[in-house]
Every structure is written in C-alpha cells, then in structure tokens.
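Heads up, the thing below is written out as structure tokens.
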2 protein chains.
Amino acid sequence: MISSIAELIADRIGTMPAGERRAAQTLVASYPMIGLKTVAEFSAAAGVSSPTILRFVSRLGFQNYPEFQSSLQDELAAQLQSPATRTLIAPSPGGGTAPPMLEATLDNMRETFKHLSDRQLADIAGRLADRRGKTFLIGGRFTDPLARYMAAHLAVIQSDVFHLAGQESMWRDRLIDMGKRDVLVIFDIRRYQESLARFAEKAHQRGVQIVLFTDQWLSPIARFARHVIAGRTAVPSAWDSSAALFVVAETLIGAVTRQLEAEGARRIREMEDLR
Amino acid sequence: MISSIAELIADRIGTMPAGERRAAQTLVASYPMIGLKTVAEFSAAAGVSSPTILRFVSRLGFQNYPEFQSSLQDELAAQLQSPATRTLIAPSPGGGTAPPMLEATLDNMRETFKHLSDRQLADIAGRLADRRGKTFLIGGRFTDPLARYMAAHLAVIQSDVFHLAGQESMWRDRLIDMGKRDVLVIFDIRRYQESLARFAEKAHQRGVQIVLFTDQWLSPIARFARHVIAGRTAVPSAWDSSAALFVVAETLIGAVTRQLEAEGARRIREMEDLR
DNA sequence: CAAAATACGTAACATACGGTACAGCGCTCC
DNA sequence: GGAGCGCTGTACCGTATGTTACGTATTTTG
C-alpha cells in the first residue's frame, strides 16, 4: 500500500535514471517543500534541467506538474490536520533491517542518558573547559574515531587539545607531557584493549584526570577514571553500537563550547581570519 | 512580536474591508493550504474576485503574491522540521543542558530514517558488499572520524577497504587506483569543503560510484553521487550534529556484515588466528 | 568494437497566472 | 437628499511558467 508520494519515490527510485534520481533525492531531502515551488526552482536545486523534473513527476504517475503539486498539498493538509499522525517512523511491520536497529539505538540513548546526571555532565564539561591544563584524547580500535571527532571540535575552541594517534610507542612517550592539571579522555569498549589499560594506569599514576567513555560492563580502566560514562551498546547487529557514546560526546562538546563562549568565539574568529 | 502570518492576519483583520476580511477568514479557516494555491482558486474559495485577494495580500505587507506564498512555505517548513518545538512550548522545567540536546538528536534520527527507505539502504549495502571493486572512504574536517569509523569496521569483514587520510595530495593521487567497479564513500556536511567536491568530481569522471553522507541541504557533491544519505544535523548547540549520520553508518555496517556473513565469518576467524 | 537505445539538455512555444486600469456601485457624511 | 469617497468586480495586459520537440551525448547490448 502506497499512501504518500515519499513512499512512491522510495519504491521507484531504483528504476530511475541518474538525473531523475537526483531530483528524487533533492525532493526527499527537504520533503516536501521543494515540490511546492516552481519547476525552475526545483530543477535548480537538484542541479538538473526543467524537463528532467517533468519527466520525474511523470514517472511518478502524474499527468502534469500542477497535479503533482496538488497531491503534495493534499498530503500536507492531511498531515497538518492530525498532528498525531506524525508518529514518526511509520511502525511499518514488515520492517527490513533499519527499524529494529534504529529503535534499539534510540533506546540505548535514552537509557544512557537516564543513568547520566546533569551534574555529572556539567562536572565533566567544567573539567574539559578548565584551561589550566592540556586535554589528551585516545580511543581503541573502533572507538578512536570518536576520540578524533571530539578532538576536532575541542581543538577549535581551545588550545592544548591533542589526539593521540599512531603507534603505541608514539603516544606512550607523550606521558612525560602529562601532569595533574591535565585531562585524558579515553574511549574503550569491549573487547577492551590492554594497551589502553596500561596507558591509563601510567597516566593515572602521574595524577592525570581520566574521563572514560565505555560500555555498560565498564572497561577495567574504570578503576583509574575520575569520571566514567557508561553507554549502552547493544543492538541487533554483529557489532556493538557506539552511537550512544557519540551523542554523549556531542553533548559534552556543546556544553564545553557554551562555557568557553567568550573565549571560544574569539578563537573561532581568529581562525577564520587565518584562512 | 508577530512571527507567523496567522498572527499578522489576526492583528489586522479589524482594519480590513468586507471583501478582504472574507479572504482572511477563508485563509485562516484552512490555514495555510489555500494560500499555497493560485489566486484564482483562493478567490473562488473566498467568494471574492482575484484583485481582492491581491489587495488583501498587499495589505499584509507583501509586495506580490509569490512573496506571500514563499513566506507561507517558509513558515510551513520550519513547522515541519521541528515537530518537537510544537509540543515543547513549555520545555521540561528542570531542564539542564542535556535533555533538549538529546531530544533534538533523537528527533534528527527519526527524521533522517523517515526519509530513508529500506530499499535505499539495502541498495547501498549491496553496493558496499559487492566485492568486485574496492571501497574508499573519506570525510571532511569534522566528519572524517565517521569515515574512519566505518572503514575500521568494513575492513574487518572484507578486503580492499581504504580510508583516505592525510594531506590532499596524498589521496588525490589515489584516484588512479579507482575505476567504475569501485565505491567512494564521502562524508560532507556544512560548511562543505571544496577539496572534497573537486575530488568527488574527478572520481565521478572515472566512473566511481559515489555514496554521499551529507546534511539535509545537500553538499554540492550530491550531483555526482549515485546514492545520497541526507541526515538531519540541527541541534541546540553551536555545532551541527553528525549523530544521525553516525547511526546510518552503523546501520549500513550491520547490513553489509549480514550480507557477507559467510565470507566475513571466515575472515574474522583468520584474523583472530593472526593475533 | 559497433550499433542501437536511452537519457539529458537546449530552445522554442502556448497557456495560464499574477498584476493593473477603470468603471460601477454602495455607503457615509454633510 | 445630494455629493464625495471607498470598495469591489470586470476586462485586459505582460510575463513567467509549464510543456514539448529535437539534437546530442552517454550508456547498454549484441
């Protein structure tokens, strides 16, 4: 049963030539607003010519463009009248691979934040925003990208942010630069990496404040950590999900940014100038 | 403060002559759909003549009818994009920094997947699992970690997966290795990077299949992409959120893994042995 | 590798849309 | 009761819009 134009597009996008597919993607990307504008605007947004747009709506089964627009408007009207219908993500029963995966991920996030108090987040953000020391970030085999992501953002708003990459010997030697005013952010989920644990222990001995992102079973590093963020990772997949930790990371980035607003704004402006 | 056209009308309907008032009432009655139709339809519905509609629109402060329609559309678009905003007129009282951020992120994910059909995901997964060619991944300043994350997983279950890192000159030269059987996964959100666009164009010319992860405004690379994944990125923070794209990436990783189950399992076993 | 089929964009076309001038009508206020 | 003002609709105009035909480029197939 196809009830919306969006579904219609999803159903037929596979059979469309490149140009029309771009039209379809553009429409879906900001659905349905672009479809309400003129053919010229639509074609410009999609980067194709007007006739391609018309062929596109024709392939969807409409006689002409106005008829297509009317259909979109009717759909919109129905949607607006019953806000309840906006039950995002149609609980499509047949559901392929995506829905259960997404549902599990959303649940993970809710659970993760449920066990994470505002105060704890504020504490950590405060620690990261405290500019008397340096910030080091490192992750495991699959979580290192999260460390990179966080480092990329933090480095924009403050100095002395370092992502520890490369071979173990490389970052192990950076220990001498670390002291009790510094913060070490570690990402470590199953299967926990010994090398990280060794590193964390040594850093801890030097008085470094450790912020640990781990899963709900807690990496052994937790015993050395000052702050532990335990994210849910279970999803119906062969892999664990780091999405919840990713969102916590983004939240922290946002909080730190807010705290460093004044200084951060100046830094960003300077950076822009340097380009 | 007047923020919507509906309020504007309520504010001025008292000063309007009879005909225009009927126009106003008709518009408010089925707001805002009638305003998106033609002047003729509007006038017929209101039972007045076309010029009366135009005078009505003019009295609201618009230069012409299209400008009025655009304004209505913008309003609608804003309303559609943040379903939460409507119900959150009075946000949770205690509200620290986390909840709104989390809510927005969850909404982003739901919206992102809403516009992403199972079939499209399956298509992309199939392409990534097709082992006749190589897979290259690359990202922008803040999204490159996502490319790394995906590469780290894909590389475990199949060969010929390469993350393009380092200086532009480094990966630009890898173009010679790319052909029409290969897949290039690009992450590019605002502010879009020119270097990536150049790279994508050249890869496209070589017949490489491009899978693009971008935001809802679509990176210019979309014109070269065979598959476009448009994720929502808006959150109450100084930064855009890549969390939705991250979840899509994890979903794809899971789907590809499932498709390569047999081969992948063997590979993983071999890898374990190698340790 | 050749040939056919398909898809795409340019350019010309017709229509219908928004806009405007003008005349008729009703209303109000001397 | 008459004169003035203002609102409304009819009729017409210019134009921007949707539409179509055709030539070229690209891909697919034998």
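All chains are named by letter (A, B, ...) in the order of the sequence lines, taking the proteins before the strands, and each is independently numbered beginning at 1.
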In whole Å, what is the span from the [atom1] atom of [X] to the [atom2] atom of [N]?
X	N	atom1	atom2	answer
B:Phe68	C:dG19	CZ	C1'	16 Å
B:Phe56	D:dG9	CZ	C1'	18 Å
A:Met16	C:dT6	CE	P	18 Å
B:Glu20	D:dG9	CD	C1'	13 Å
A:Glu41	D:dT17	CD	P	8 Å
B:Arg21	D:dC7	CZ	C1'	12 Å
B:Glu67	C:dG19	CD	C1'	14 Å

Practice problem: Answer yes or no: is there a donor N or O on one side and an acceptor on the other, between the side chain of B:Thr143 and the main chain of B:Phe187, under 3.5 Å? | Solution: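 Yes.
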Practice problem: Please report the shortest heavy-atom distance between B:Val183 and B:Arg127, naming the atom on each side. | Solution: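 Looking at all heavy atoms of both residues, the closest pair is CG2-CG, 3.6 Å.
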Quiz item: Which atom names give the shortest non-hydrogen contact between B:Ile34 and B:Tyr65, and what distance separates them?
Solution: O-OH, 4.2 Å
Quiz item: Please walk me through it: do B:Lys114 and A:Tyr31 pass side-chain contact (heavy atoms from CB on, under 4.5 Å)?
Solution: CA-CA 10 Å; B:Lys114 192 178 176 186; A:Tyr31 189 83; over 6 Å; no
Self-check item: B:Glu201 vs B:Phe224, side-chain contact (heavy atoms from CB on, under 4.5 Å): CA-CA, chis, key distance, verdict
Solution: CA-CA 6 Å; B:Glu201 181 168 11; B:Phe224 309 120; 3.7 Å; yes
Quiz item: Do B:Trp171 and B:Phe136 have their ring centres less than 6.0 Å from each other?
Solution: no
Quiz prompt | B:Glu168 and B:Ser195: CA distance, side-chain angles, deciding distance, side-chain hydrogen bond (donor to acceptor under 3.5 Å, both in side chains) verdict | solution = CA-CA 8 Å; B:Glu168 180 173 357; B:Ser195 55; 4.6 Å; no
Exercise. Dump the intermediate steps for side-chain contact (heavy atoms from CB on, under 4.5 Å) on B:Phe113 and A:Thr105, then the final yes or no.
Key: CA-CA 12 Å; B:Phe113 274 85; A:Thr105 302; over 6 Å; no
I'd like a list of close polar pairs between nucleotides 18-21 of chain D and the protein, N/O only, cut-off under 3.5 Å.
from	atom 1	to	atom 2	distance (Å)
D:dG18	OP1	A:Val39	N	3.1
D:dG18	OP2	A:Val39	N	2.8
D:dT19	OP1	A:Tyr65	N	3.3
D:dT19	OP2	A:Tyr65	N	2.9

Identify the pairs formed between an N or O of the protein and an N or O of nucleotides 26-30 of chain D at a distance under 3.5 Å, and give each distance.
none

Practice problem: Determine, step by step, whether B:Arg190 and B:Asp240 satisfy the salt bridge (Lys or Arg N to Asp or Glu O under 4.0 Å) criterion, reporting the C-alpha distance in whole Å, the side-chain angles of both residues, the deciding distance to 0.1 Å, and the verdict. | Solution: CA-CA 8 Å; B:Arg190 290 188 310 183; B:Asp240 280 338; 3.4 Å; yes
Self-check item: Short side-chain N/O contact from B:Thr52 to OP1 or OP2 of D:dC7, under 4.0 Å
Solution: no
